[in-house]
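Ligands are counted one by one from 1 in listed order, and the atoms in each one are counted from 1 as well.
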Amino acid sequence: MFFQKKEEAPVIDLENLPKHIAIIMDGNGRWATKRGLPRKAGHKAGAEALERVIEGARELGLQHMTVYAFSTENWKRSEDEVAAIMDLLRQYLKNYFRKFLGDNVRMDVIGDISRLDGDIQEQILEIEEESKHKDGLFVHIALNYGGRDEIRRAVEEMAKKVSEGTLQPSDISEDVISAHLDTKGVPDPELVIRTSGEERISNFLLWQIAYAEFCFTDTLWPDFGKEDLVLAIEGYQNRDRRFGGR
Ligand code: IPE
Ligand code: IPE
Ligand code: MG
């Protein structure tokens with residue numbers, strides 16, 4: 001579904017929120033270019049939008065939110081742009097993400113963090129550890145994340161267990177596969193939102209979105225806010241989800 005702002009305020013049922021919303025935060029570059037700014041200014045504005053959306057999700061009482069921050073394909077961008085994104089990430093790990101621990105927010109990272117700089121990896125592990133007893137909103141940040149890479153890593157781990165004799169091939173059920181993904185223990189996303197008008201998945205949560213509902217909006221990520229989130233939830237709540245039944 002494509003959603004657009006309307007005259008009337010959206011109406012949502014707070015008792016029936018999707019358990020997990022995943023967001024492809026796209027359009028930072030175009031937001032900056034439209035303003036004659038360098039792309040990195042778009043990423044900074046995008047990070048601020050994420051702060052607002054996390055705050056909004058917390059106020060709504062959402063349980064899980066996964067945000068696509070950097071894909072396994074994003075390394076193809078210029079060295080300058082990648083460095084600017086990594087610097088922003090550093091700043092957020094040091095400041096903002098620490099602050100939100102005080103708000104009972106839990107955080108973890110999905111993706112292969114081994115390719116990130118050592119100091120960033122350390123900060124991530126620290127925040128994951130420090131926030132693991134929080135029971136409010138759980139924010140999952142996808143960093144150097146690719147759905148295919150995640151599945152490949154899970155297959156490698158299962159193959160290793162099979163060769164060691166700790167896993168039988170016939171025991172590899174869908175649940176066992178899910179338990180080897182970075183999202184183990186997290187319910188599958190029920191709603192996926194992508195901003196900036198693109199209607200594709202770009203290698204995001206390929207296994208987990210089997211039955212997700214999709215919302216696409218033209219709004220560029222730096223312009224996205226709590227009202228847009230509420231609008232997407234309203235759209236989601238009006239869907240008829242069937243899961244293959246009738
Ligand atoms: C999303 O915005 C952020 C990342 C992929 C890191 P883009 O940088 O992809 O913005 P556009 O798509 O070029 O406008
Ligand atoms: C997807 O956006 C990745 C993130 C939002 C981090 P991209 O801008 O990288 O995706 P494509 O290139 O449009 O498919
Ligand atoms: Mg993009």
Side-chain angles (χ1 to χ4, degrees), residues 2-3 20-54 57 64-93 96-97 107-117 120-121 123-124 139-153 181-183 186 189 191-209 212 214-225 228-229 232:
F2 225 92
F3 65 94
H20 182 178
I21 297 183
I23 308 181
I24 303 177
M25 309 185 288
D26 198 12
N28 294 351
R30 276 162 284 171
W31 183 92
T33 305
K34 254 175 55 181
R35 289 167 175 72
L37 296 170
R39 291 180 63 85
K40 69 176 181 193
H43 295 309
K44 181 159 183 289
E48 286 159 11
L50 177 59
E51 289 187 40
R52 293 195 303 270
V53 171
I54 288 176
H64 292 273
M65 189 164 88
T66 299
V67 292
Y68 206 3
F70 194 85
S71 76
T72 46
E73 287 71 37
N74 287 148
W75 298 104
K76 292 184 210 156
R77 298 187 178 197
S78 75
E79 220 174 288
D80 252 21
E81 183 172 350
V82 171
I85 294 172
M86 292 300 155
D87 277 347
L88 252 178
L89 176 61
R90 254 190 200 95
Q91 270 178 38
Y92 270 76
L93 287 167
Y96 175 68
F97 291 142
M107 194 197 101
D108 73 357
V109 167
I110 60 167
D112 179 6
I113 66 166
S114 69
R115 195 171 162 188
L116 304 176
D117 287 349
I120 293 183
Q121 291 184 41
Q123 293 272 352
I124 289 171
V139 179
H140 312 276
I141 313 229
L143 279 176
N144 189 27
Y145 177 87
R148 287 186 171 183
D149 179 64
E150 179 191 38
I151 292 169
R152 189 205 64 74
R153 286 184 285 108
L181 297 174
D182 297 342
T183 50
V186 177
L191 170 62
V192 176
I193 300 170
R194 184 169 188 151
T195 57
S196 87
E198 309 300 343
E199 295 176 69
R200 54 178 172 263
I201 292 304
S202 302
N203 205 7
F204 192 40
L205 301 174
L206 298 179
W207 172 272
Q208 297 87 339
I209 58 172
F214 291 86
C215 262
F216 298 102
T217 173
D218 279 335
T219 303
L220 301 172
W221 176 253
D223 295 324
F224 196 89
D228 303 276
L229 183 67

Check ligand 1 for close polar pairs with the protein: N or O on both sides, less than 3.5 Å.
residue	atom	partner	partner atom	Å
ligand 1	2 (O)	Gly27	N	3.3
ligand 1	2 (O)	Asn28	N	3.2
ligand 1	8 (O)	Arg39	NH2	2.9
ligand 1	8 (O)	Arg77	NH1	2.7
ligand 1	9 (O)	Asp26	OD1	3.0
ligand 1	9 (O)	Arg77	NH2	2.9
ligand 1	10 (O)	Gly27	N	3.4
ligand 1	10 (O)	Asn28	N	3.1
ligand 1	10 (O)	Gly29	N	2.9
ligand 1	12 (O)	Asp26	OD1	2.9
ligand 1	12 (O)	Arg30	NH2	2.8
ligand 1	13 (O)	Arg39	NH1	3.2
ligand 1	13 (O)	Arg39	NH2	2.9
ligand 1	14 (O)	Gly29	N	3.4
ligand 1	14 (O)	Arg30	N	2.8
ligand 1	14 (O)	Arg30	NE	2.7

Check: Ser78/Asp80 side-chain N/O donor and acceptor closer than 3.5 Å:
no
SB check Asp117 Arg90 (cutoff 4.0 Å):
yes
Ionic contact status for Glu48 with Lys44, cut-off 4.0 Å:
yes
Salt-bridge present (Asp182, Arg153; N to O < 4.0 Å):
yes
Specify which N/O/S atom of Asp26 comes nearest to the Mg ion (ligand 3), by atom name.
OD1
How are the rings of Tyr92 and Tyr96 set to each other: parallel, tilted or perpendicular (split at 30° and 60°)?
perpendicular
Number the atoms of ligand 2 from 1 as they appear, then name those within less than 4.0 Å of a heavy atom of Arg200, with their elements.
11 (P), 13 (O), 14 (O)
Is Arg194 in contact with ligand 2, taking contact as a heavy-atom separation below 4.0 Å?
yes
Ring geometry between Tyr145 and Tyr68 (parallel below 30°, tilted from 30 to 60°, perpendicular above 60°):
perpendicular
Donor-acceptor contact present, side-chain Asn144 to main-chain Ser114, <3.5 Å
no
